[in-house]
Amino acid sequence: QVQLIESGGGLVQAGGSLRLSCATSERTFSRFAMAWFRQAPGKEREFVSAIRWMDSREYYSDDVKGRFAISRDIAKNTMYLQMNSLKPEDTAVYYCAVKQYASPITAAGDYEYWGQGTQVTVSS
């Protein structure tokens, strides 16, 4: 069973930065892409960013484009999300997810494995 382990969340002031990490427990399982989603209280889970594992093509939601940067380290089996210029509206639980097969990159339902989530709180 693949496990995803997130870290790096916390409390930061508006305009600050955080770096999230997502490590996978299995090195050899196939993956098409990995992604970050977030869910704020009372809201649905929403797509934030994704990266295709083999060619590292990046995808971003309009809300975070230009402020967040996704990356991955194949040797470490880890994905990262560098979050800069954070805003209070970025406050949410952030989840990493793995998609094993090619399908729409922003659809949460197409991801097979999920992490437990890490809280990001941005104060004004």
Side-chain angles (χ1 to χ4, degrees):
Q1 181 70 20
V2 174
Q3 291 185 327
L4 306 182
I5 304 166
E6 298 128 333
S7 60
L11 174 64
V12 65
Q13 289 188 332
S17 299
L18 284 173
R19 188 192 195 206
L20 304 183
S21 299
C22 176
T24 54
S25 61
E26 296 290 332
R27 182 174 298 277
T28 59
F29 84 102
S30 64
R31 72 195 86 183
F32 174 73
M34 293 185 69
W36 293 97
F37 290 78
R38 67 187 182 187
Q39 188 166 18
K43 295 188 176 181
E44 293 187 354
R45 190 169 298 189
E46 64 175 3
F47 171 79
V48 175
S49 181
I51 187 166
R52 292 200 315 207
W53 196 249
M54 294 310 297
D55 65 6
S56 69
R57 179 177 175 178
E58 302 170 16
Y59 302 81
Y60 298 96
S61 71
D62 289 342
D63 287 345
V64 307
K65 197 174 296 182
R67 298 189 297 123
F68 291 9
I70 194 169
S71 61
R72 54 90 172 110
D73 185 327
I74 293 179
K76 294 183 178 180
N77 246 11
T78 301
M79 174 181 65
Y80 305 96
L81 186 69
Q82 178 67 43
M83 305 186 295
N84 300 324
S85 302
L86 282 162
K87 305 175 182 179
E89 50 264 45
D90 294 318
T91 295
V93 177
Y94 283 69
Y95 298 90
C96 71
V98 170
K99 174 198 296 286
Q100 289 193 284
Y101 309 105
S103 59
I105 206 81
T106 63
D110 289 334
Y111 286 79
E112 291 86 4
Y113 300 99
W114 291 82
Q116 79 286 355
T118 186
Q119 177 69 47
V120 171
T121 303
V122 184
S123 63
S124 57

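Keep in mind it's a predicted model, so treat the numbers as computed, not measured.
Taken from CH2 in Trp114 to CD in Glu6, the straight-line distance is 9.5 Å, to the nearest 0.5 Å. With values rounded to the nearest 0.5 angstrom, Thr78 atom OG1 is found 6.5 Å from Asp73 atom CG. In this structure, Phe68 CZ and Leu86 CG are separated by 5.0 Å, a value rounded to the nearest 0.5 Å. Rounded to the nearest 0.5 Å, atoms OH (Tyr101) and OG (Ser30) are 5.5 Å apart. Taking OG from Ser49 and OH from Tyr80, the interatomic distance works out to 15.0 Å, rounded to the nearest 0.5 Å. For the atom pair CD1 of Ile5 and OG of Ser21, the computed distance is 11.5 Å after rounding to the nearest 0.5 Å.
The shortest side-chain heavy-atom distance between Lys99 and Glu112 falls under the 4.5 Å cut-off. Side-chain contact check for Lys87 versus Asp63: every heavy-atom pair is 4.5 Å or farther apart.
Within the 3.5 Å criterion, the main-chain N or O of Val2 finds no donor-acceptor partner in the side chain of Ser25. Counting only distance, with no hydrogens or angles, the side chain of Tyr113 and the backbone of Gln100 share no donor-acceptor pair below 3.5 Å. The backbone N or O of Ser7 lies less than 3.5 Å from no partner atom in the side chain of Thr118, so there is not a single donor-acceptor pair.
Taking hydrophobic clusters as Ile, Leu, Val, Met, Phe, Trp and Tyr residues chained together by side-chain heavy-atom distances below 4.5 Å, Leu20 shares a cluster with Trp53. A continuous path of ILVMFWY side-chain contacts below 4.5 Å connects Leu4 to Ile70, so both sit in one hydrophobic cluster. The hydrophobic clustering, which links ILVMFWY residues whose side-chain heavy atoms are closer than 4.5 Å, places Tyr95 and Val48 apart. Under a hydrophobic clustering in which Ile, Leu, Val, Met, Phe, Trp and Tyr are joined whenever their side-chain heavy atoms come within less than 4.5 Å, directly or via other members, Met54 and Met79 fall into the same cluster. Phe47 and Trp36 sit in two unconnected hydrophobic clusters of ILVMFWY residues. Membership requires side-chain heavy atoms under 4.5 Å apart, directly or through other members.
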message: Evaluate Met34 against Thr24 for side chain to side chain contact (heavy atoms under 4.5 Å, CB included), listing each step before the verdict.
response: CA-CA 10 Å; Met34 293 185 69; Thr24 54; 3.8 Å; yes

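In terms of heavy atoms, Gly117 sits closest to Val93 at CA-CG1, 3.8 Å. The two atoms that bring Ser124 and Pro88 nearest to each other are CB-CG, 3.8 Å, heavy atoms only. Of all heavy-atom pairs spanning Ala40 and Thr91, the tightest one is CB-O, 3.7 Å.
Ring geometry, Tyr111 versus Phe37: the interplanar angle exceeds 60°, so the pair is classed perpendicular (tilted spans 30 to 60°).
Listed by chain and number, the residues in a salt bridge (charged side-chain N to carboxylate O under 4.0 Å, His left out) with Arg72 amount to none (sequence neighbours excluded). Here Asp90 pairs with Arg38, Arg67 under the salt bridge (charged side-chain N to carboxylate O under 4.0 Å, His left out) rule; sequence neighbours left out.
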